[in-house]
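Have a look at the structure below before the remarks.
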Amino acid sequence: MNRSTTDSPHPTITGADSLAALATTWAGASRVFHRYGFDFCCHGQVSLADACAKKNVPLERVLDEVRAETTRTPDAVRWDAEPLPRLIDHIVEHFHESHRRELPRLLHMALRVEHVHGDKASCPRGIGGLLSRMADEMEQHMAKEEQILFPLLRSGQGDRAHAPIRVMEGEHEEHGQNLERLRALTADYTPPPDACGTWRALYLGLAELERDLMQHIHLENHVLFPRALAAG
């Protein structure tokens, strides 16, 4: 990451920095990226400037928001500096358990909305089926991590983890594509004016799922996996 040559206490944040580097280093950056729909997990090597250009968003506006979030967000744990076993525990306890709780709840709400409001033109169709498939795919993915990959990494055998890590990264791409489908089905999680409370709660929950899943994938792709392979 580019660093200021002035006496500023913080490194300079520029458009040349990658989304992954910013999300890893600055607490709150990922919150800004989520607002604009920037994929900092599966495509985290893209520069902030390129991400802004793709979304037709002014770079300076996003830079100002990232700097503002950095100023008011308390320092987060630097997972790129924590021991690998602690990072793995965090991924399982914070993200895996959260996904297992939230996906069934969101699926239940999606099916209810489709059943009650399916005759309305504004009602999204297919969210229930997509969430059901996501829940199955993510459960299989998380089980493979917990039963195969993570024990390998905990034991310091990163040199044997190249193949399973490549598989996990490929599945992360599929998870990212599912998030894009959810955004398309829900108009970026924007409920129509006639949406009921359950409908609105569903969209809020889906937006939170996206934030959590992107942060989850980011920590694995850009922090855990590179460190584990380098240590192997």
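Only this structure's heavy atoms are used, side chains among them; waters, hydrogens and symmetry mates stay out.
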Would you kindly confirm whether Tyr189 and Leu111 end up in one hydrophobic cluster when ILVMFWY residues are joined by side chain heavy atoms under 4.5 Å apart? yes
His216 ring center within less than 6.0 Å of His99 ring center: yes
Could you tell me which non-hydrogen atom of Pro58 sits nearest to which non-hydrogen atom of Cys52, and how far apart they are? O-SG, 4.5 Å
Group every Ile, Leu, Val, Met, Phe, Trp and Tyr by side-chain heavy-atom contacts under 4.5 Å, then state whether Phe225 and Val92 land in the same group. yes
Is a donor on one side and an acceptor on the other found under 3.5 Å between the side chain of Glu102 and the backbone of Leu209? no
Student check: side-chain heavy atoms of Val62 and Val66 closer than 4.5 Å: yes
Side-chain heavy atoms of Phe40 within contact of Leu22, under 4.5 Å: no
Between Pro192 and Arg200, which heavy-atom pair has the shortest distance, and what is it? O-NH2, 3.4 Å
Are Glu180 and Arg183 within salt-bridge range, i.e. N to O under 4.0 Å? no
Consider only side-chain heavy atoms of I, L, V, M, F, W and Y, link residues closer than 4.5 Å, and tell whether Val113 and Leu204 are in one cluster. no
Are Val46 and Leu63 in one and the same hydrophobic cluster, where Ile, Leu, Val, Met, Phe, Trp and Tyr link if side-chain heavy atoms are under 4.5 Å apart? no
Group every Ile, Leu, Val, Met, Phe, Trp and Tyr by side-chain heavy-atom contacts under 4.5 Å, then state whether Leu229 and Val167 land in the same group. yes
Ignoring hydrogens and geometry, is there a side-chain-to-backbone donor-acceptor pair from Asn221 to His218 under 3.5 Å? no
Nearest non-hydrogen partners of Asp80 and Val223, listed with the distance: CA-CG1, 3.6 Å
What do the steps show when you test Arg100 against Met138 for side-chain contact (heavy atoms from CB on, under 4.5 Å), and what is the final call? CA-CA 9 Å; Arg100 287 177 171 131; Met138 288 176 60; over 6 Å; no
Would you check if the distance from the ring center of Phe38 to the ring center of Tyr36 is below 6.0 Å? yes
Side chains of Asp194 and Ser122: does their closest heavy-atom pair fall under 4.5 Å? yes
Working to the nearest 0.5 Å, report the span between CG of Leu19 and CZ of Phe33. 5.0 Å
Give a yes or no on whether the backbone of Ile13 and the side-chain of Arg67 come within a donor-acceptor separation of less than 3.5 Å. yes
Can you tell me how far CG of Asp212 sits from CD1 of Ile217, rounded to the nearest 0.5 angstrom? 11.0 Å
Report the C-alpha distance between Met214 and Asp39 in whole Å, list the side-chain angles of each, state the deciding distance to 0.1 Å, and finish with yes or no for side-chain contact (heavy atoms from CB on, under 4.5 Å). CA-CA 8 Å; Met214 292 187 75; Asp39 182 355; 3.7 Å; yes
Could you check whether Glu208 pairs with Arg211 (Lys NZ or Arg NE/NH1/NH2 to Asp/Glu carboxylate O, under 4.0 Å)? yes
So, are Arg133 and Glu139 salt-bridged, with charged N and O less than 4.0 Å apart? no
More than 12 heavy atoms of other residues, nucleotides or ligands under 6.0 Å from NZ of Lys120: is that the case? yes
Are Leu206 and Leu131 close enough that some pair of their side-chain heavy atoms sits under 4.5 Å apart? yes
Between Asn178 and Glu137, does the side-chain contact (heavy atoms from CB on, under 4.5 Å) criterion hold? Intermediate values first, please. CA-CA 10 Å; Asn178 285 333; Glu137 292 175 353; 3.2 Å; yes
Rounded distance [0.5 Å steps], NE2 in His96 versus CD1 in Ile88: 10.0 Å
Could you pull out the closest heavy-atom pair between Gly205 and Arg105, with the gap in Å? CA-NH2, 4.3 Å
Minimum heavy-atom distance between Arg160 and Pro164, given as atom pair plus value: O-CD, 3.9 Å
Quick one: OG on Ser132 to CG on Leu106, what's the gap to the nearest 0.5 Å? 12.5 Å
Looking only at heavy atoms, what is the nearest atom pair of Gln45 and Ala20, with distance? NE2-CB, 4.1 Å
Pairwise distance CD(Glu93) to OG(Ser98) - rounded to 0.5 angstrom: 12.5 Å
Can you tell if the side chain of Lys144 reaches within under 4.5 Å of the side chain of Glu171, non-hydrogen atoms only? yes
Can you confirm whether more than 12 heavy atoms, excluding those of Asn56, are under 6.0 Å from its CG atom? no
Can you tell me how far CD of Glu82 sits from CZ of Arg227, rounded to the nearest 0.5 angstrom? 8.0 Å
Is the shortest side-chain heavy-atom distance between Leu149 and Leu153 below 4.5 Å? yes
Set out, in order, the CA-CA distance, both residues' side-chain angles and the distance that settles side-chain contact (heavy atoms from CB on, under 4.5 Å) for Leu107 and Met134, then state yes or no. CA-CA 10 Å; Leu107 174 58; Met134 287 179 66; over 6 Å; no
Would the His90 and Phe95 ring centres measure less than 6.0 Å apart? yes
Can Arg154 and Asp89 be counted as an ion pair, charged N to O under 4.0 angstrom? yes
Return yes if some donor-acceptor pair links the side-chain N/O of Glu114 with the main-chain N/O of Gly128 below 3.5 Å, else return no. yes
Side chains of Leu224 and Phe150, heavy atoms from C-beta outward: is any pair under 4.5 Å? yes
Using the six-membered ring wherever Trp is involved, compare the ring planes of His172 and His141 and label them parallel, tilted or perpendicular (cut-offs 30° and 60°). tilted
Does atom NE2 (His162) have a neighbourhood of more than 12 heavy atoms from anything else shown, all under 6.0 Å? yes
